[in-house]
J.: 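Have a look at this one before I ask anything.
Positions are given from 1, in the same order as the sequence printed here. Remember, predicted model here, so these are calculated numbers, not experimental data.
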Amino acid sequence: MTKTITNPKPITQGKKGLVKQVSPMARALKCAAQAIGMTPASLTTWFSQYPQLTEATQETCLRLIAEYRLNPRADEIDLVQFEADRWQVPN
């Protein structure tokens with residue numbers, strides 16, 4: 001089952017000296033969304049199509065999306081489950 005992307009883990013310095021916590025997943029989500037001009041909420045909605053994805057698989061997808069500027073809404077990346085808890089990105 002997909003783990004909902006939630007807040008906090010590492011602490012970063014925010015505006016006006018406020019301390020806020022940002023999870024690695026939230027950071028990867030924001031980075032990928034910015035790379036392709038989407039909102040983090042929109043990417044989270046896309047991930048909801050794949051409820052069995054592990055957090056590690058989600059994070060890998062987010063890194064691929066950011067690195068190669070892949071837009072999941074334009075079918076530039078997709079995931080296929082080929083075994084229980086095993087996913088791949090088809091060519």
J.: Could you pull out all residues at least two apart from Glu76 that satisfy side chain to side chain contact (heavy atoms under 4.5 Å, CB included)?
T.: Leu70, Asn71, Ala74

J.: When you compare the side chain of Val80 with that of Trp87, does any pair of heavy atoms fall below 4.5 Å?
T.: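 Sidechains of Val80 and Trp87: no contact.
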
J.: Using 0.5 Å steps for rounding, measure from the CD atom of Gln52 to the OG1 atom of Thr57.
T.: 11.0 Å

J.: Please round to the nearest 0.5 Å and tell me the distance separating atom CZ of Arg69 and atom CG of Leu64.
T.: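 Taking CZ in Arg69 and CG in Leu64, the distance rounds to 12.5 Å.
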
J.: Given the rule in the side-chain contact (heavy atoms from CB on, under 4.5 Å) test, do Gln81 and Arg86 qualify, once you have shown the distances and angles that lead to the verdict?
T.: CA-CA 6 Å; Gln81 185 174 13; Arg86 306 276 298 183; 5.9 Å; no

J.: Could you tell me if Thr39 and Ser42 have a donor-acceptor pair between their side chains, going purely by distance under 3.5 Å?
T.: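 Side-chain D/A pair, Ser42 to Thr39: absent.
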
J.: With the side chain counted from C-beta on, respond yes when Leu79 and Trp46 share a heavy-atom pair under 4.5 Å apart, and no when they do not.
T.: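 Yes, at least one pair of side-chain atoms sits under 4.5 Å.
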
J.: Check side chain to side chain contact (heavy atoms under 4.5 Å, CB included) between Pro40 and all other residues, then give those that pass, not counting sequence neighbours.
T.: Leu29, Ala33

J.: Using the test side chain to side chain contact (heavy atoms under 4.5 Å, CB included), find all partners of Gln34 that sit at least two apart in sequence or belong to another chain.
T.: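 If we apply the side chain to side chain contact (heavy atoms under 4.5 Å, CB included) test to Gln34, skipping adjacent residues, the hits are Lys30.
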
J.: Within the 4.5 Å heavy-atom criterion, are Leu62 and Phe47 side-chain neighbours or not?
T.: yes

J.: Would you compute the distance between atom CZ of Arg27 and atom CD of Glu59 and round it to the nearest 0.5 angstrom?
T.: 9.5 Å

J.: So, do Cys31 and Ile65 sit near enough that their side-chain heavy atoms are less than 4.5 Å apart?
T.: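 Contact flag for Cys31/Ile65 side chains = no.
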
J.: Tell me, do Asp78 and Pro72 make a side-chain contact under 4.5 Å, heavy atoms counted?
T.: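 A side-chain contact is absent here, since even the closest heavy-atom pair is not under 4.5 Å.
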
